[in-house]
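Structure record follows, encoded as C-alpha cells.
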There are 2 protein chains.
Amino acid sequence: MATMQDVARLAQVSVSTVSYVLTGARPISQATRDKVLAAMAELDYQPNAMARGLASRRSRILGLLLPMDERGLGATETAFVTGAAAAASVAGYHLVLSPIGVGDLDELRRLASQRMLDGALLMEVQLHDPRVDVLRELGLPLVLIGRTADTTDLSYVDIDFDQTVEEAVGHLVALGHRRIVYVNHSAGTIAEGYGPATRTRDAFTIAMTGHGLEPLMIPAEDSAAGGRTALATALRQAPDLTAIIAMNENAVFGLLGELGGRGLSVPDDVSVVSMVTSPQVAELATPALTAMNSPGSALGRIAIETLLRHVDNANGEIHQQLLPCALQVRGSSGPPRTGSNTAGNTGADGDEPTVPSTEAARRRAATRRRA
Amino acid sequence: MATMQDVARLAQVSVSTVSYVLTGARPISQATRDKVLAAMAELDYQPNAMARGLASRRSRILGLLLPMDERGLGATETAFVTGAAAAASVAGYHLVLSPIGVGDLDELRRLASQRMLDGALLMEVQLHDPRVDVLRELGLPLVLIGRTADTTDLSYVDIDFDQTVEEAVGHLVALGHRRIVYVNHSAGTIAEGYGPATRTRDAFTIAMTGHGLEPLMIPAEDSAAGGRTALATALRQAPDLTAIIAMNENAVFGLLGELGGRGLSVPDDVSVVSMVTSPQVAELATPALTAMNSPGSALGRIAIETLLRHVDNANGEIHQQLLPCALQVRGSSGPPRTGSNTAGNTGADGDEPTVPSTEAARRRAATRRRA
DNA sequence: CGGGCTTGTCGAAGCGCTTCGACTAAGCGG
DNA sequence: CCGCTTAGTCGAAGCGCTTCGACAAGCCCG
C-alpha cells in the first residue's frame, strides 16, 4: 500500500505538494501536477481514508439512518437510497446506510460522536423524533426525509401530501366518483402522529369538502389482514362507495383480495388509487394499480445536495422542500358503474341506487361468469 | 469534544494507560481503571474513530455490499441485514451498508483500498462475481451470502436450496399432488448462472424424479406480468397441473392474479407454494401463501461471526454453511381436487380428466358464485 | 526600479490514537 | 538474599495525512 511519502519521493516533490494536488487547496503548476499524477498512477496510490479523516476532521462519509422494520425496504425507499448514493458519489462522498431505528439511540450517539459521519440523512422521521434531538445536540449536519412537528431550523425534503391527495381525489372525481373512501395507516400510527398519516388525512378532508363531498377515512393495520378488515368496515359505513384511495401499501393487497372475494370487480365496481407507490409495486396487483408515483430518486438527490451544502458551510441556510407524487393511471381506476361521467362540482350526493352496490355487484359478477 | 489527553490529565495517568483501559491490550490495576473510567464518564469522552483507525489500522467497520436494483429489499434481505447489524454491534463493530452493485467495481475498489473496511459481506453473489476478485486481490476479509461457482478458499453462508426444494415438493406430494410445475426466475437469469435459479432447478428435477414424477420448469420474468405469462405457459404445457412451486417472489403475485382471472381457485384448483419468502410477503397474498420461510436473520448473524473470525486472525479457516428454509403451511396449499389424498410413489400420471382443469374450474367457479 | 502582489513550493507541526520498549515494584523459588 | 518473572505504568515514536507559515520567484504599477 503506497503512501503519500512514496508518491512524493517518486515525483521528487514534498508531501505537502502531493496533498495539494489531491485536495486542490493551493495552486499547483501544471508541470508539477503531471509529475505527481504520474507517480500516483505508477504506484497505484490510494489515499488512506483514516489518515485523511484524522488530519482534516472530515470523513467524507454521510450516513443514511434508516430504521429497518420487518417490512423491508419498498421500491420507494430503494429509489430514494440509490438516488442519494449516486448524488453522494458524484460529490466524492460515500453514503453508508445504517439500520438505526428510533430505538437505538445509544448506537446512534456512538456513531455520531465518534466523528465518523460528516452529516446524516434521517428517514422515516417521526413527528417527535428523538434522533433529531441527539444529532442536533452533537452538532451534526442533518437533513430530514419527512418532517418533525416543529421544523424550525431544520432542513427537510418530503412528499407534498396535500397536493398528492388533491390530485388523487381530483382524478376520481373527474371520473365521476362521488363516494370515495380513504384507507389510511392504522389508528395507532395516526394517534402517535405519524406525519404521512395525519397529513394525508387532513388533506383528504380538505379535498373532499372542496368538491362538496363527504370525507370518510378508515384506518387499517399495515398488513393484508388489515386491508381486508378495512374493506369490510368501509362497505359497512359506506355501502355505496365506488372508489378507494389507499395510503397503505401493505393493506392495499388485502383490500384487493377481499374485493375479489366479495365478487366486486376493480375498477368496474370499485376504483382503487394507491398513494405513494412505486411502479414496481403497482404492477404487482391485478389489475395494475393506478397510483401516485413517489419521487424517490429525486428526493434522495435533493436531500444529499442540501446536506452537503450544510457540511461545507456550517452556517448554510436551511432548505425545506416538498415534492408531489405524480399520478399514473393504470388499470385499477375507471368511471363508476352508476355514476355520471362528468366532474360536476355541485355537491349533491345520494341521489342514486337504494340497493347497496355490494349486492348489485355480486349479481352482476355472477352474470358475467355465466356467459 | 474531549480527547484522550483530557481524560489522562483528569485521571492523573498517562495517555497510554487510558488507551490500555480502553483496549485491554495490557493489564491495568483495578484502582487505575476506575479512576480512568470515572474521568471518561465525567468528560463524556468518546474515542475518535479516525484516530483509532489510523493508529491501529483497524476501522472496526464492516461493509455489507448489497446491490440495490429497482425491486428494493424484500423482507428476507431486511431480516438478513438486521441480523447482521445486531451481531456486528454486539462485537463492537459497525455494519455499514453500501449500495454497490456488480457494476460499480471502481467504487468498490475505492472503498476497499482506502482501508475503511475491516471486512465485507457480499450479498446477491453471482456465480462469477467480479467483486469477489477485486476484494480478494485487495486482501480484504470476505464472506459471501450465496456462492460463486468456485468456492475454494472462500467462506460463505447460503440457503440450502436442495433441502428446501425437496421439502416443498415433499409437502405437495404428501398432499396428493402428482403434476407439479416449478416457476423459476427468468430464462436470462438462469442462463447467466444465477445460483438460486440453477440450484433450485436441479434440485427440483431430482426431487420430482425421486418421487417418480415428471419435472416441468417454467421460467418467468421477475414481474407480475412475467407471472401471468408463466401461468399461461404452464397451463398449456401441463393442463392437468394441480400445484405450482414458485421461486419468483414478484411473479407469484401475477400468477395468483391470473389464476383468479381464469376462475381457478387457490388452493382448490391449484396449490401454490412460494420459495424463500418471508412471512410478511406471504401474508400479502389472498389466500396467504404456503411458503418456505427464509432464515434471513440467522444467516446474517452467522455471516458476521464468520467474517469477524477472519478479521481477527487473518489465517482463519474458511467456513461454509447452508441453512434450509422452513416450510410454513398457509392457505395456498391443500389436497388436489381430483387426486387421491395419499402420497403414493407409484409414478403413474395422466389417468384422469380429459376435460382441461381450466374449463372444469371455470364452470365450478361460476356455480359457486351463483349460490 | 522598488514595494506589494500573486503563484508555487517546502518543511514542520499537528490530528488523536495505538503500541513498543523501558522502567519500577512486587512476588518467588532456590 | 539474589536473580527472574510478572503486573502495572510511562514516554515517545509513529499511523498517513492536512494545513499553516515561510519563502523564493515573477509580475504589475506608479
Side-chain angles (χ1 to χ4, degrees), chain A residues 1-37 39-40 43-61 92 94 110 112-118 311-312, chain B residues 1-37 39-40 43-61 92 94 110 112-118 311-312:
Chain A
M1 204 90 301
T3 77
M4 212 149 144
Q5 290 268 17
D6 303 328
V7 175
R9 202 172 312 131
L10 184 60
Q12 311 202 57
V13 296
S14 73
V15 235
S16 44
T17 301
V18 177
S19 175
Y20 291 130
V21 168
L22 225 51
T23 63
R26 286 201 184 173
I28 293 288
S29 73
Q30 193 57 48
T32 310
R33 184 192 312 279
D34 291 345
K35 269 197 305 186
V36 171
L37 291 175
M40 284 182 177
L43 296 174
D44 195 20
Y45 169 75
Q46 286 290 121
N48 177 309
M50 295 287 154
R52 264 194 135 170
L54 178 58
S56 67
R57 261 137 293 195
R58 286 287 196 80
S59 64
R60 299 190 88 71
I61 299 179
H94 289 292
R110 212 154 36 101
S113 56
Q114 288 185 153
R115 314 271 85 180
M116 318 221 320
L117 262 35
D118 286 352
V311 169
D312 299 330
Chain B
M1 206 89 300
T3 76
M4 214 152 146
Q5 289 269 16
D6 303 328
V7 175
R9 202 172 313 131
L10 183 60
Q12 311 202 58
V13 297
S14 74
V15 227
S16 44
T17 302
V18 176
S19 175
Y20 290 131
V21 169
L22 226 50
T23 62
R26 286 200 185 174
I28 293 289
S29 73
Q30 192 57 48
T32 310
R33 183 192 312 280
D34 290 346
K35 269 197 305 182
V36 171
L37 290 176
M40 284 183 177
L43 295 174
D44 195 20
Y45 169 75
Q46 287 288 121
N48 178 309
M50 295 288 154
R52 264 196 132 167
L54 178 58
S56 67
R57 259 139 293 194
R58 285 286 195 83
S59 64
R60 300 189 86 71
I61 299 179
H94 289 293
R110 222 167 12 115
S113 57
Q114 290 184 151
R115 316 270 85 182
M116 316 222 323
L117 263 34
D118 285 352
V311 170
D312 299 329

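Below, each value reflects all heavy atoms present in this structure, side chains not excepted, and no hydrogens, waters or symmetry copies. Lettering follows sequence order; numbering is per chain, from 1. Bear in mind that the values here come from a model prediction, so they are computed numbers and not experimental data.
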Below 4.0 Å: OP1/OP2 of D:dT18 and any side-chain N or O of A:T23: no
Distance below 4.0 Å between A:S19 side-chain N/O and D:dT18 OP1 or OP2: yes
How many angstroms lie between atom [atom1] of [X] and atom [atom2] of [Y], to the nearest 0.5 angstrom?
{"X": "A:T3", "Y": "A:D6", "atom1": "OG1", "atom2": "CG", "answer": "4.0 Å"}
{"X": "A:R57", "Y": "B:M1", "atom1": "CZ", "atom2": "CE", "answer": "13.5 Å"}
{"X": "B:R52", "Y": "A:M50", "atom1": "CZ", "atom2": "CE", "answer": "11.5 Å"}
{"X": "A:L10", "Y": "A:M40", "atom1": "CG", "atom2": "CE", "answer": "11.0 Å"}
{"X": "B:M116", "Y": "A:S59", "atom1": "CE", "atom2": "OG", "answer": "7.5 Å"}
{"X": "A:Q46", "Y": "A:N48", "atom1": "CD", "atom2": "CG", "answer": "10.5 Å"}

Polar side-chain atom of A:R33 near backbone of A:I28 as donor-acceptor pair, under 3.5 Å: yes
A:T23 side-chain N/O to A:S19 backbone N/O, donor-acceptor pair under 3.5 Å: yes
Grab the [atom1]-[atom2] distance between [X] and [N] for me, whole Å please.
{"X": "B:Q12", "N": "D:dT9", "atom1": "CD", "atom2": "C1'", "value": "14 Å"}
{"X": "B:R115", "N": "D:dC15", "atom1": "CZ", "atom2": "C1'", "value": "14 Å"}
{"X": "B:I28", "N": "D:dT6", "atom1": "CD1", "atom2": "P", "value": "18 Å"}
{"X": "A:R58", "N": "D:dT19", "atom1": "CZ", "atom2": "P", "value": "9 Å"}
{"X": "B:M4", "N": "D:dA12", "atom1": "CE", "atom2": "C1'", "value": "14 Å"}
{"X": "A:Q114", "N": "C:dC17", "atom1": "CD", "atom2": "P", "value": "10 Å"}
{"X": "A:R57", "N": "D:dC20", "atom1": "CZ", "atom2": "C1'", "value": "12 Å"}
{"X": "B:D6", "N": "C:dC17", "atom1": "CG", "atom2": "C1'", "value": "13 Å"}

Earlier contact from the 5' end, DNA chain C, for B:Y20 and A:S29: A:S29
Heavy-atom check, side chain of A:T17 versus side chain of A:Q12, under 4.5 Å: no
Non-hydrogen side-chain atoms of A:V18 and A:V13 separated by less than 4.5 Å: yes
Angle between terminal axes - the helix from C:dC1-D:dG30 to C:dG30-D:dC1, 5 pairs each end, rounded to 10°: 30°
Residue met sooner reading DNA chain D from 5', once A:T17 and A:M1 are mapped to nucleotides: A:M1
Using a heavy-atom cut-off of 4.0 Å across all strands, would you classify [X] as base, sugar-phosphate, or nothing?
{"X": "B:T3", "value": "sugar-phosphate"}
{"X": "A:V18", "value": "nothing"}
{"X": "A:R26", "value": "base"}

Within residues 45-56 of chain B: residues closer than 4.0 Å to DNA chain D (heavy atoms): B:L54, B:A55
